[in-house]
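Right, one structure below, let's go through it.
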Amino acid sequence: MHVQSRIGALAPTADEFTPGGIEANRNVLDATFVTHNLPDISPDSGVIGLCTVPYNRVGMEDQGWHVADFLAFKALLCGETHPKSQTWLSLCDLNVHTNPEQLAHGKDRRLVHGAISASSYTDSNGVRHVRDDQIKVEPSPKKLMVDFVKTLTTKARVAKDIGYPLVIIICGPTTLEQDVFFGKTDAKCAVTSGQIRHAIGEDIEAMLITPAPFSAGWQINPSLCLSPAGKVRADRTEFVAKQFGGVFAKEIVDFFTKWNCPFLDKDKVDNSSKDGGTPGPVMLSQKQKGNVEAFKVKLHGALAGRLSFGHCDHSFNFDPDLDDWERLVGPRQHKPLSHYRQKWENLEVGEVAPTTVENLEFLGNAFGGSSASQISHIKHLVEESFEAWPGYWSLSFGRSAMADFRKFLDNVSPEHTDCHEMFNVLEHRATSAAIGDLTVRYFTIPKPYEERCRDWDELKWNAEASDLDRRVANFAYGGILKNIPLVTIPPGVNLNHLSKIQRSIDVPATYLSVSLYLRYYQRKEELQAAVDRITNFFDEIKVRQIELLLKDPEVEKKCAAWLESIEMPILPLDRALGAAKATKMGAKAPRNQTVAQNGTTGVKREAEPELSTVTALPADPDPKPVEDIRSQNGAAPSTPLRSTQPVEFLSDETKKGLSRLDPEREIEKARQELQELVEKLVNAPNDDLVAIKEELVGVKSSIAFWEEELRKREEGKKGAKKSHPFGGSPFPILEITPDVTPDETPNVKSDTQAAAVSPQSEEGQKSSVTVTAAKKPAVQKSAGWVPPHLWHTIKKEQKQESDDSYVSPPSPSPQNGVGKSDARGKEKTTEAYVPPHLRTRRAIASPDQDTIF
């Protein structure tokens, strides 16, 4: 039997084990961008137009703006290609279900309802002919999906025979990856961009146009099937900077609104004025506060809009000076924009839109231009996110997050601030998945299970991977996660570390760490080097995003208004661009990271330092013997658990006493202490960082202990029993509640450091003191950090004959029934480690498939 067939989908191919470079590909591998310009379309093109809006949602207060887009493209392309080369498909009969007067497109309100009917033309002999461009209606979503794929296949076959390009225009609910939904946001009624590419073939020149999901305008992939390398004008970094959207917005907004602001002329600022973290007075006036908030919203909106000009205006732009195609792809080879401008201006103008129509200000006239249509679109984004990351929504905190998202869906009239918060969260999550896909492509590392990031099921990986597989993957996890900032919270919304909505999704970081493991699992030096190169790659993208923001006149205008209101000198644009190019966004020291006492790395995400002053927290000194203060007779302590040591190393008597307290109350107290320490850490001098960090370790460990205690009590009431994911004797699976963040991970020490500190007894008596000196081991066996959403899979740490540089997952305590010694008191051992590509996988059946991995 072939080796690959025995191993299954987890193992890489032979080529993937070939030692290779760790540099990102300098060529453009994905030329997707957002624009308001019509692309350069050849007169020899075959055109396929598709409208997926159902008849009950064609109103302009819902998804009618997709219908207006569909007819606007049809009107502009009428007569531009062969009379029989265009095919237009629709889910609803637009003649019956639409009001022609409402189908006005853009700010200039051009009426496009005339494009519903088939067009005609007169040949050179004066004979009138009807073009084959009538809209074909198929009201069944399933049948329309079949018709669409058949049309793609037929057009592609003809295009290949005669050598003409394809232009595919999709108007309706889509994803950032350009998947298209038919009638409803459901994976069963969707065709992915990969399936479109497969139906066309890999050797066809094809262009895909879909609505931009996070801004006004349209998302265009000019090279859907063929590689764009060497065929576009802009470089790789500019395309990627646009595609990374607003995922780095939190860092960049902080960068622009602090003393690093490129528009601020620092040479004219007195050093005595730089006593605060941000320019301007401590107490801002209403005008100053409004200006800085508007500036922050503009920065995030520009990034989320993929740095396209006019990201809040859903209108066609025919200005040749603002032609994205010319700037990014290359000179137009066919009709100029002036030709299409003339056709557009020949259309009738509809009535002026009523000024009383309310909209979400941060979205402008995007997504229909009314608050009703914009809320409808945001709710589509929520539903679309449910179709991604299948493993995430299966976990307990994923289900809790879904419940909060559904509350937004059920709210008929959500507050504008809630809409703004939800939009930022969904953009951050979707773009994080795009970052995973783009990084895998540019660094030529394996795609786990050959799936996109949004489709990847990490629970499947976790069930199939061994303990050492996860240890090696976790080695890269922290380095990836620290480079993805938290969600940008809009003005008017408070930052809430306990919010399930605001919490970043960590699946992309896990996806990349597993991908790096598949490539470099036998070569730890290259694995670390790859993480460093990805960090540098992200920093390079941030710098280019800043440069592109400086060229946005709206950003410059908002920044100038803010600086003028706080009476700060403004730097000219040319000097500001020079300052941005000299910016060192990527500090080489590890960022947002704490180093645990056992030498492992944990991720610190609550507070992120300024980009220009990024420093790493110092490592802890070697572990020292500590006092073991035990409570008498297991009495419950009178004070909350606070210790610089993890809870796992408290004595059984102390744990027994602690179990008499109310877990919910203790969890609430510990979280309050955690937030106070985080705020203290932000403003603390360097000399106090280690001490504060030690306090954080104890509080985080306390939270984990009490949440596990609460879970066991609830589980005891229900009498529920769970089994080991690999089968065998049942044991309680650790299932951490969704309120635990990566910062709240217990810092586990080695067994040789089993000394603990317990508070006073409940009666107020002084506990007896016993000092136990623990010998420092010759080799520090490090226990690794495991993401909270994978804690329920933790097993007892096994002694591996592997390099100690790799981190291993923390072991559950013996009281959970995991990792106990055998009858003779000896620790059970495991078999020697065998790499994934050389071992036969444990037979585990997927719950959704009959396949055995």
Any chance you could lay out the salt bridge (charged side-chain N to carboxylate O under 4.0 Å, His left out) test for R327 and E238, step after step, and finish with the verdict?
CA-CA 11 Å; R327 184 167 50 85; E238 182 159 356; 2.9 Å; yes

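- W88 is linked by a ring pair (Phe, Tyr, Trp, His ring centres under 6.0 Å) to F70, counting only residues two or more places apart in sequence or in another chain.
- Defined by atom type and a distance below 3.5 Å, a donor-acceptor pair is present between the side-chain atoms of N365 and D313.
- Here the side chain of S45 pairs no donor or acceptor atom with the backbone of V47 at under 3.5 angstrom.
- Salt-bridge formation is not detected for the pair D410/K407: no Lys NZ or Arg NE/NH1/NH2 atom is positioned less than 4.0 Å from an Asp or Glu carboxylate oxygen.
- Between the side chains of H380 and T185, at least one donor N or O lies within less than 3.5 Å of an accepting N or O.
- Taking a 6.0 Å sphere around CD of Q134, one finds it holds more than 12 heavy atoms contributed by other residues, nucleotides or ligands.
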Let's go through T81 and Q86 carefully: what are the C-alpha distance in whole Å and the side-chain angles of both, what is the deciding distance for side-chain hydrogen bond (donor to acceptor under 3.5 Å, both in side chains) to 0.1 Å, and is it a yes or a no?
CA-CA 8 Å; T81 62; Q86 297 186 17; 2.8 Å; yes

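- Around atom NZ of K343, more than 12 heavy atoms belonging to other residues, nucleotides or ligands sit under 6.0 Å away.
- Checked by atom type and distance alone, the side chain of N125 never pairs as donor or acceptor with a backbone atom of V127 at under 3.5 Å.
- With respect to the salt-bridge test (charged N to carboxylate O, under 4.0 angstrom), the residues R110 and D108 qualify.
- Here the side chain of D40 pairs a donor or acceptor atom with the backbone of Q333 at under 3.5 angstrom.
- In this structure, M207 and I169 have side chains that are not in contact, with every pair of non-hydrogen atoms separated by 4.5 Å or more.
- In the model, T192 has no side-chain atom that pairs as donor or acceptor with a side-chain atom of D179 under 3.5 Å.
- Checked against the 6.0 Å centroid threshold, Y340 and F316 do not count as a close aromatic pair.
- Distance CG/L29 to CG/D437: 13.0 Å, rounded to 0.5 Å.
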Would you check, one step at a time, whether the test side-chain contact (heavy atoms from CB on, under 4.5 Å) holds for T151 with T154?
CA-CA 5 Å; T151 303; T154 303; 5.8 Å; no

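- Rounding to the nearest 0.5 Å places CG of D30 at 6.0 Å from CG of L438.
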Begin with the C-alpha distance, continue with both residues' side-chain angles, and end with the deciding distance and a verdict on side-chain contact (heavy atoms from CB on, under 4.5 Å) for V67 and L94.
CA-CA 8 Å; V67 178; L94 302 182; 3.7 Å; yes

Name the atoms and distances for all side-chain donor-acceptor pairs under 3.5 Å in residues 138-145, with sequence neighbours left out.
unit_1 : atom_1 : unit_2 : atom_2 : d
E138   : OE2    : S140   : N      : 3.1
S140   : OG     : K143   : N      : 3.4
K142   : NZ     : K188   : O      : 2.8

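- Scanning for salt bridge (charged side-chain N to carboxylate O under 4.0 Å, His left out) contacts around E384 gives R454, with sequence neighbours left out.
- Taking 4.5 Å as the limit, every side-chain heavy atom of Q219 sits out of range of all side-chain heavy atoms of F33.
- A donor-acceptor pair under 3.5 Å links the side-chain atoms of R109 to the main chain of E351, judged by distance alone.
- A salt bridge does not link D319 with R341: none of the charged nitrogens is closer than 4.0 Å to a carboxylate oxygen.
- No more than 12 heavy atoms of other residues, nucleotides or ligands shown are found within 6.0 angstrom of NZ on K557.
- With T431 contributing its side chain and H428 its backbone, the two residues share no donor-acceptor pair below 3.5 Å.
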Run K298 and D552 through salt bridge (charged side-chain N to carboxylate O under 4.0 Å, His left out) and show every step you take.
CA-CA 10 Å; K298 175 57 65 176; D552 188 327; over 6 Å; no

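- Formation of a donor-acceptor pair under 3.5 Å by the R131 side chain with backbone atoms of P83 is not found in this model.
- D133 and S119 are linked by a side-chain donor-acceptor pair at a separation below 3.5 angstrom, with hydrogens and angles left out of the test.
- Using a 3.5 Å distance cut-off with no hydrogens or angles, the side chains of R544 and T237 do not pair a donor with an acceptor.
- Taking the six-membered ring for Trp, H36 and H314 have ring centres at least 6.0 Å apart.
- In this structure, CD in E383 is found 12.5 Å from CD1 in I378, a value given to the nearest 0.5 Å.
- Within 6.0 Å of atom CD in E415, 12 or fewer heavy atoms from other residues, nucleotides or ligands are found, so the atom counts as exposed in its surroundings.
- Residues V297 and L299 are not in side-chain contact: their nearest non-hydrogen atoms beyond the backbone lie 4.5 Å or more apart.
- Counting only heavy atoms from C-beta outward, the side chains of V555 and L550 never approach each other to under 4.5 Å.
- For H97, the ring pair (Phe, Tyr, Trp, His ring centres under 6.0 Å) test picks out Y55, with sequence neighbours left out.
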Run H339 and E80 through side-chain hydrogen bond (donor to acceptor under 3.5 Å, both in side chains) and show every step you take.
CA-CA 11 Å; H339 169 78; E80 298 300 328; 2.8 Å; yes

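- The environment of NZ in K379 is crowded: more than 12 heavy-atom neighbours from other residues, nucleotides or ligands sit within 6.0 Å.
- When only modelled atom types and interatomic distance are considered, Q178 and T210 share a side-chain donor-acceptor pair under 3.5 Å.
- Using a distance-only test at 3.5 Å, with no hydrogens or angles considered, a donor-acceptor pair links the side chain of S370 to the main chain of S373.
- Of the N and O atoms on the side chains of D69 and H105, at least one donor lies less than 3.5 Å from an acceptor on the other residue.
- Judged by distance alone, with hydrogens and angles left aside, the side-chain atoms of N411 form a donor-acceptor pair with the main-chain N or O of S413 at under 3.5 Å.
- With contacts defined as side-chain heavy-atom distances shorter than 4.5 Å, the pair F73/V112 does not qualify.
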Please lay out, stage by stage, how I196 and L224 fare under the test side-chain contact (heavy atoms from CB on, under 4.5 Å).
CA-CA 9 Å; I196 294 175; L224 178 63; 4.0 Å; yes

Side-chain atoms of residues 198-206: list all donor-acceptor pairs with protein atoms under 3.5 Å, sequence neighbours left out, distances to 0.1 Å.
unit_1 : atom_1 : unit_2 : atom_2 : d
D203   : OD2    : K160   : NZ     : 3.2

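- Under the 3.5 Å distance criterion, the side-chain polar atoms of K558 are left unmatched by any main-chain donor or acceptor of A294.
- Ring geometry for W393 versus W389: interplanar angle of 30 to 60°, hence tilted.
- S376 places no side-chain N or O within 3.5 Å of a backbone atom of A372 that could act as its donor or acceptor partner.
- Contact annotation: the side chain of C419 approaches that of I375 to within less than 4.5 Å [non-hydrogen atoms, C-beta and beyond].
- Once rounded to the nearest 0.5 Å, the distance linking CG of N359 with CD of Q374 reads 5.0 Å.
- Between Q63 and P54, some side-chain heavy-atom pair lies under the 4.5 Å cut-off.
- Side chains of V158 and Y164 form a contact here, defined as non-hydrogen atoms less than 4.5 Å apart.
- With values rounded to the nearest 0.5 angstrom, L38 atom CG is found 6.0 Å from L77 atom CG.
- Considering only residues two or more places apart in sequence or on other chains, D62 meets the salt bridge (charged side-chain N to carboxylate O under 4.0 Å, His left out) condition with R57.
- Once rounded to the nearest 0.5 Å, the distance linking CG of D186 with CZ of F181 reads 8.0 Å.
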